[in-house]
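These notes concern the structure reproduced below.
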Amino acid sequence: MAAKIKLYTNHGCPWAHRAHISLAELQLPYEEEIIDLSVPRTPEYLKINPRGLVPSIEFNGEILTESAIVSNFLADAFPSHLLPASNTPGGALLRAKIAFFVDTFISKANSHFFKAQWGKTDSEVESSVSAYVEAIVKEVEPLLGNAAPFFNGSDKLTQAEVLTGSFIVRLFTLPKYGVLPEIILSDLSAKAPNFYRWGEAVSKHPSVLGIYDEKVMAAWTKERAAKLRAA
């Protein structure tokens, strides 16, 4: 019997976007409910996820929350090219490498990306862009030496891309709309060529682009940034 999956999501949230990439790559049918993040959550949704965050999934009647937990659960429940089982040859090692890569990207670089989007002054934005590029060069670039085009030489998406792709597609698309300085991409191309080639491939993949509307995202990000600067 096919699993019954309901995804509670918001298409503008990069964390919820992770679950969409998982479901697309695994080709799993699911029901979707959009959660409006601009207003207080309904009592009904808070019963599903008391934190009020997205994504949440209902899987055969069980509720799971938090984007990495949801995405990793789906990868484990439906074995595929995304993530090898730990008891397969080399499986445990590759899982560890993917986990380290994702942790490094999120903990060392990603916070600077958000700061660059929401900086209240030009100097804050420039400082955050520089810090992001520096973190990518130092921490992430060495981990992508054998990407071909995806993590660890894979020709298909892996769980490394599932858990980072929503941020990468924003990195590669938002600068053209003036949301981020275009120098962020030119610097990465020059200083982190492995990362840049990998990021280009990730940002063009159909499973990553599935729910992503770059024009809508750019307009929303610009509007929010303007409000933060005016506050």
Side-chain angles (χ1 to χ4, degrees), residues 12-18 21 66-68 71 93-154 157-205 208-209 212 214 217-218 220-229 231:
C13 174
W15 304 101
H17 193 165
R18 286 171 147 183
I21 299 171
E66 299 299 320
S67 61
S71 297
L93 179 59
L94 181 53
R95 291 172 73 100
K97 287 181 177 180
I98 289 174
F100 181 76
F101 173 80
V102 174
D103 179 75
T104 299
F105 177 82
I106 296 297
S107 66
K108 302 296 184 182
N110 213 37
S111 62
H112 299 301
F113 180 70
F114 285 119
K115 289 177 182 177
Q117 290 182 80
W118 312 127
K120 289 191 174 183
T121 65
D122 289 344
S123 62
E124 284 184 18
V125 172
E126 291 170 6
S127 175
S128 297
V129 166
S130 295
Y132 181 83
V133 172
E134 181 181 340
I136 293 296
V137 171
K138 179 182 178 181
E139 303 285 352
V140 181
E141 172 74 0
L143 305 178
L144 291 169
N146 66 343
F150 302 116
F151 187 77
N152 200 54
S154 177
L157 291 192
T158 73
Q159 197 70 350
E161 287 80 28
V162 167
L163 296 175
T164 58
S166 58
F167 307 105
I168 296 301
V169 72
R170 285 160 171 79
L171 168 66
F172 275 79
T173 56
L174 294 182
K176 75 176 76 170
Y177 298 96
V179 175
L180 293 165
E182 291 191 10
I183 195 173
I184 193 171
L185 291 177
S186 59
D187 277 359
L188 287 168
S189 177
K191 299 176 181 179
N194 294 331
F195 174 84
Y196 190 84
R197 285 191 297 270
W198 170 81
E200 273 197 316
V202 172
S203 67
K204 295 174 182 177
H205 195 281
V208 174
L209 292 172
Y212 183 68
E214 64 180 63
M217 183 54 54
W220 177 85
T221 306
K222 275 186 167 182
E223 180 181 358
R224 184 182 177 195
K227 288 179 180 179
L228 289 172
R229 285 199 172 204

Side chain of Ser127, backbone of Glu124: donor and acceptor closer than 3.5 Å?
no
For the atom pair CG (Asn146) and CG (Asn194), what is the distance rounded to the nearest 0.5 Å?
9.0 Å
Is it the case that the side chain of Gln159 and the backbone of Ser71 share a donor-acceptor pair, with hydrogens and angles ignored and the cut-off at 3.5 Å?
yes
Taking all heavy atoms of Phe195 and all of Ile136, pick out the closest pair and write down the distance.
CG-CG2, 3.5 Å
Nearest heavy atoms of Val129 and Ala116, plus distance in Å
CG2-CB, 3.9 Å
Measuring centre to centre across the rings, with the benzene-like ring taken for any Trp, is Phe113 within less than 6.0 Å of Phe167?
no
Say you draw a straight line from NZ of Lys97 to CZ of Phe151; how long is it, rounded to the nearest 0.5 Å?
7.0 Å
Are more than 12 heavy atoms, taken from residues, nucleotides or ligands other than Phe100, located less than 6.0 Å from that residue's CZ atom?
no
Do Asn152 and Phe101 have side chains that approach each other closer than 4.5 Å (heavy atoms only, starting at C-beta)?
no
How long is the span from the CD1 atom in Ile184 to the OG atom in Ser130, to the nearest 0.5 Å?
9.0 Å
How long is the straight-line distance from OG of Ser67 back to CD1 of Ile21, given to the nearest 0.5 Å?
10.5 Å
Might you point out which heavy atoms bring Ala68 and Leu163 nearest each other, and give the distance in Å?
CA-CD2, 4.1 Å
Taking the side chain from Ser203 and the backbone from Gly199, do they hold a donor-acceptor pair closer than 3.5 Å?
yes
Give me the atom names and distance for the closest heavy-atom approach of His17 to Val208.
NE2-O, 2.8 Å
Before giving the answer on side chain to side chain donor-acceptor pair (under 3.5 Å), spell out for Thr221 and Tyr177 the whole-Å C-alpha distance, their side-chain angles and the decisive distance to 0.1 Å.
CA-CA 10 Å; Thr221 306; Tyr177 298 96; over 6 Å; no
Side chains of Pro193 and Arg197 in contact at under 4.5 Å (non-hydrogen atoms):
yes
Exercise: identify the closest heavy-atom pair between Cys13 and Arg170:
C-NH2, 4.0 Å
Kindly indicate whether the side chain of His112, heavy atoms from C-beta on, has any atom under 4.5 Å from the side chain of Glu134.
no
About how many Å separate CG of Asn110 and OG1 of Thr104, when rounded to the nearest 0.5 Å?
12.0 Å
Close side-chain approach of Arg229 and Asp122, heavy atoms under 4.5 Å:
yes
To the nearest 0.5 Å, how far apart are CH2 in Trp15 and CD in Glu66?
9.5 Å
Around atom CG of Leu228, are there more than 12 heavy atoms of other residues, nucleotides or ligands at under 6.0 Å?
yes
So, for Lys222 and Gly178, which heavy atoms are closest and what is the spacing to 0.1 Å?
CE-C, 4.3 Å
Would a distance-only check, ignoring hydrogens and angles, find a side-chain to backbone donor-acceptor pair under 3.5 Å from Glu161 to Thr158?
yes
With the side chain counted from C-beta on, respond yes when Leu143 and Phe105 share a heavy-atom pair under 4.5 Å apart, and no when they do not.
no
Ring centres under 6.0 angstrom apart (Phe172, Tyr196)
yes
Within the distance-only criterion (no hydrogens, no angle test), does the side chain of Gln117 pair as donor or acceptor with the backbone N or O of Val179 below 3.5 angstrom?
no
